[in-house]
Amino acid sequence: MRYTLRQIEYFIATAEAGSITLAAERINISQPSISTAISQLEAELGAQLFLRRHAQGLSLTRTGRELLAEAKQLMDQAQKLYHTASEATEAVRGTLSLGCLVTFAPMVLPEVTHSFATDFPGVRVLPQVSDHEQLLHGLERAELDIALSYDLHLPDEFEFIPLAELPPYALVAETDPLASEPAVTLAELAERDMILLDLPQSRDYFLALFARMGLVPKISARLQQQDVIRTMVANRFGYTIANIRPKSRLALDGRSVAKVRIAGDHRPMRLGLLRVARQAPTRLVGTFMDHCATLISNSYIPGMEAPIMDPKRVG
């Protein structure tokens, strides 16, 4: 047997992504490495696995489709060897498929993955960034071992382990008069143009803040890209409401934004770990859960500033 598990892994990633470019992004491997591995695998097996169409990417041949199911079973068996060895030797090894919510991934994911891999060098972390619904699907299909997300609209089959709370705040341009105010009310914000982060679950949370007060915000734009929203806010196209607290006050064009506390008692987002409840965590997953519980709390969230506190609650 002259093919390698790495070649099988790259074959599966490419088959699921439909292109070498997307597969390279998902598993953080160079495109030439994946292309070479697939060519070597096809040569070793004596079979063409993909049909290559420049305009439409790659599609599996009939042989490729049949081999994909076998390849996935082979990788599952290979992964079980790590789990068995880990349980027997008490060593933490293997590959952790980690999902992370797109809204806070740029801040949280790098430190979490780096610190865990540093503490446990026998572990390889494969991160995947998606919206909340896609993370749930990935966990259901066992494509993800565990995910960092919010506790929004969770079906009963999922377990959520809370780590930290993220209260909402208003984000305005640094040149906006509100930037120097200690707080702003939702009623005051409702009179202004709002740029809404229009992602599944997130938009419902933000709109519910106003609905509970009997208010309807003036939504001037609905966007899914946080960097675009941040830059538009910095240029005074409107305000937005957010929960994540980046340490940088700069938008991508170099202009600055400011965070303003929203007066009143509003439900925070809860950042935590998501997993399928019916599955007992492996040693690897359990160790990662312990690692996150030690690293993340209300007093420290990787990549974020401390929350804007109500002066009445301080002390």
Side-chain angles (χ1 to χ4, degrees), residues 21-22 24-26 28 31 99-114 127-132 134-135 148-150 164 166-186 188-207 209-210 216-263 266 268-269 271 300-309:
T21 300
L22 289 177
E25 292 176 357
R26 289 183 181 181
N28 196 27
Q31 294 182 41
C100 190
L101 189 67
V102 62
T103 51
F104 58 68
M107 287 144 284
V108 175
L109 189 59
E111 184 173 340
V112 169
T113 55
H114 178 71
Q128 179 176 318
V129 176
S130 301
D131 63 42
H132 186 71
Q134 288 302 313
L135 291 178
L148 284 157
S149 190
Y150 291 138
L166 295 171
Y169 64 87
L171 189 71
V172 300
E174 186 181 49
T175 56
D176 191 304
L178 274 182
S180 59
E181 295 294 324
V184 63
T185 66
L186 286 175
E188 292 172 313
L189 290 175
E191 298 299 318
R192 290 167 151 251
D193 288 336
M194 178 187 187
I195 306 172
L196 177 68
L197 178 60
D198 195 16
L199 288 174
Q201 313 301 334
S202 294
R203 60 173 170 261
D204 297 335
Y205 166 83
F206 294 128
L207 295 176
L209 294 174
F210 290 92
V216 178
K218 290 173 55 180
I219 299 174
S220 59
R222 295 171 177 263
L223 299 170
Q224 296 185 340
Q225 299 78 21
Q226 289 186 111
D227 286 337
V228 178
I229 293 176
R230 190 176 179 87
T231 304
M232 291 186 70
V233 167
N235 285 271
R236 300 193 66 171
F237 280 91
Y239 74 94
T240 194
I241 294 181
N243 298 83
I244 60 171
R245 307 184 295 269
K247 290 184 178 181
S248 174
R249 295 179 180 272
L250 295 178
L252 290 182
D253 66 350
R255 291 180 171 84
S256 297
V257 294
K259 304 178 184 70
V260 183
R261 183 177 63 84
I262 299 177
H266 306 288
M269 287 281 205
L271 184 158
Y300 180 77
I301 302 175
M304 295 194 200
E305 289 184 339
I308 307 171
M309 300 300 294

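Take Arg222 and apply the side chain to side chain contact (heavy atoms under 4.5 Å, CB included) test, not counting sequence neighbours, and it matches Leu196, Asp198, Ile219. Among residues two or more places apart in sequence or in another chain, the side chain to side chain contact (heavy atoms under 4.5 Å, CB included) test is passed with Ala24 by Gln31, Ile34. Partners of Glu305 according to the side-chain hydrogen bond (donor to acceptor under 3.5 Å, both in side chains) rule, which considers only residues two or more places apart in sequence or in another chain, are Lys259. Residues forming a side chain to side chain contact (heavy atoms under 4.5 Å, CB included) with Ala242 (at least two apart in sequence, or on another chain): Tyr169. Under the side chain to side chain contact (heavy atoms under 4.5 Å, CB included) criterion, Asn235 pairs with Thr231, Phe237, Asp253, Arg255, not counting sequence neighbours. Residues meeting the salt bridge (charged side-chain N to carboxylate O under 4.0 Å, His left out) test with Glu174, sequence neighbours left out: none. Residues passing the side-chain hydrogen bond (donor to acceptor under 3.5 Å, both in side chains) test with Asp227, sequence neighbours excluded: none. Every ring pair (Phe, Tyr, Trp, His ring centres under 6.0 Å) that Tyr150 has, sequence neighbours left out, goes to Phe104.
Taken to the nearest 0.5 Å, the CG atom of Leu271 stands 6.0 Å off from the CG atom of Leu148. In this structure, the separation between CD1 on Ile229 and CG on Leu197 is 4.5 Å, given to the nearest 0.5 Å. The line from CD of Gln226 to CD1 of Ile195 is 13.0 Å long, rounded to the nearest 0.5 Å. Residue Arg245 holds its CZ atom at 13.0 Å from CG of Leu171, rounded to the nearest 0.5 Å. Taken from OH in Tyr239 to CG in Asp193, the straight-line distance is 8.5 Å, to the nearest 0.5 Å.
Residues Leu207 and Pro217 form a side-chain contact, since some pair of their non-hydrogen atoms from C-beta on lies under 4.5 Å apart. You'll find the side chain of Tyr205 stays beyond 4.5 Å of the side chain of Leu199, heavy atoms only. Within the 4.5 Å cutoff, side-chain heavy atoms of Met304 are placed close to those of Val108. Contact check for Ser248 versus Met107: no side-chain heavy atoms found under the 4.5 Å cut-off. In this structure, Asp131 and Gln224 have side chains that are not in contact, with every pair of non-hydrogen atoms separated by 4.5 Å or more.
Of all heavy-atom pairs between Leu209 and Pro168, the closest is CD1-CB, 4.0 Å. Among all heavy-atom pairs drawn from Ala234 and Ser256, the shortest one is CB-O, 3.9 Å. Here the closest heavy-atom approach between residue Pro127 and residue Leu109 is recorded as CB-CD2, 3.8 Å. Nearest heavy atom pair, residue Val233 against residue Ala173, reads O-CB, 3.2 Å. Across all non-hydrogen atoms, the minimal contact from Leu135 to Gly99 is CD2-CA, 3.8 Å.
Counting only residues at least two apart or in different chains, side-chain hydrogen bond (donor to acceptor under 3.5 Å, both in side chains) contacts with residues 103-112 comprise Glu111-Tyr300.
Side-chain atoms of Arg230 come within 3.5 Å of backbone N or O of Leu250 as a donor-acceptor pair.
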Contacts under 3.5 angstrom, residues 175-186 side chains, donor-acceptor by atom type, not counting sequence neighbours:
from   : atom 1 : to     : atom 2 : distance (Å)
Asp176 : OD1    : Leu178 : N      : 2.8
Asp176 : OD1    : Arg192 : NH2    : 3.0
Asp176 : OD2    : Arg192 : NH1    : 2.9
Ser180 : OG     : Pro177 : O      : 3.1
Thr185 : OG1    : Glu188 : N      : 3.1
Thr185 : OG1    : Glu188 : OE1    : 3.2

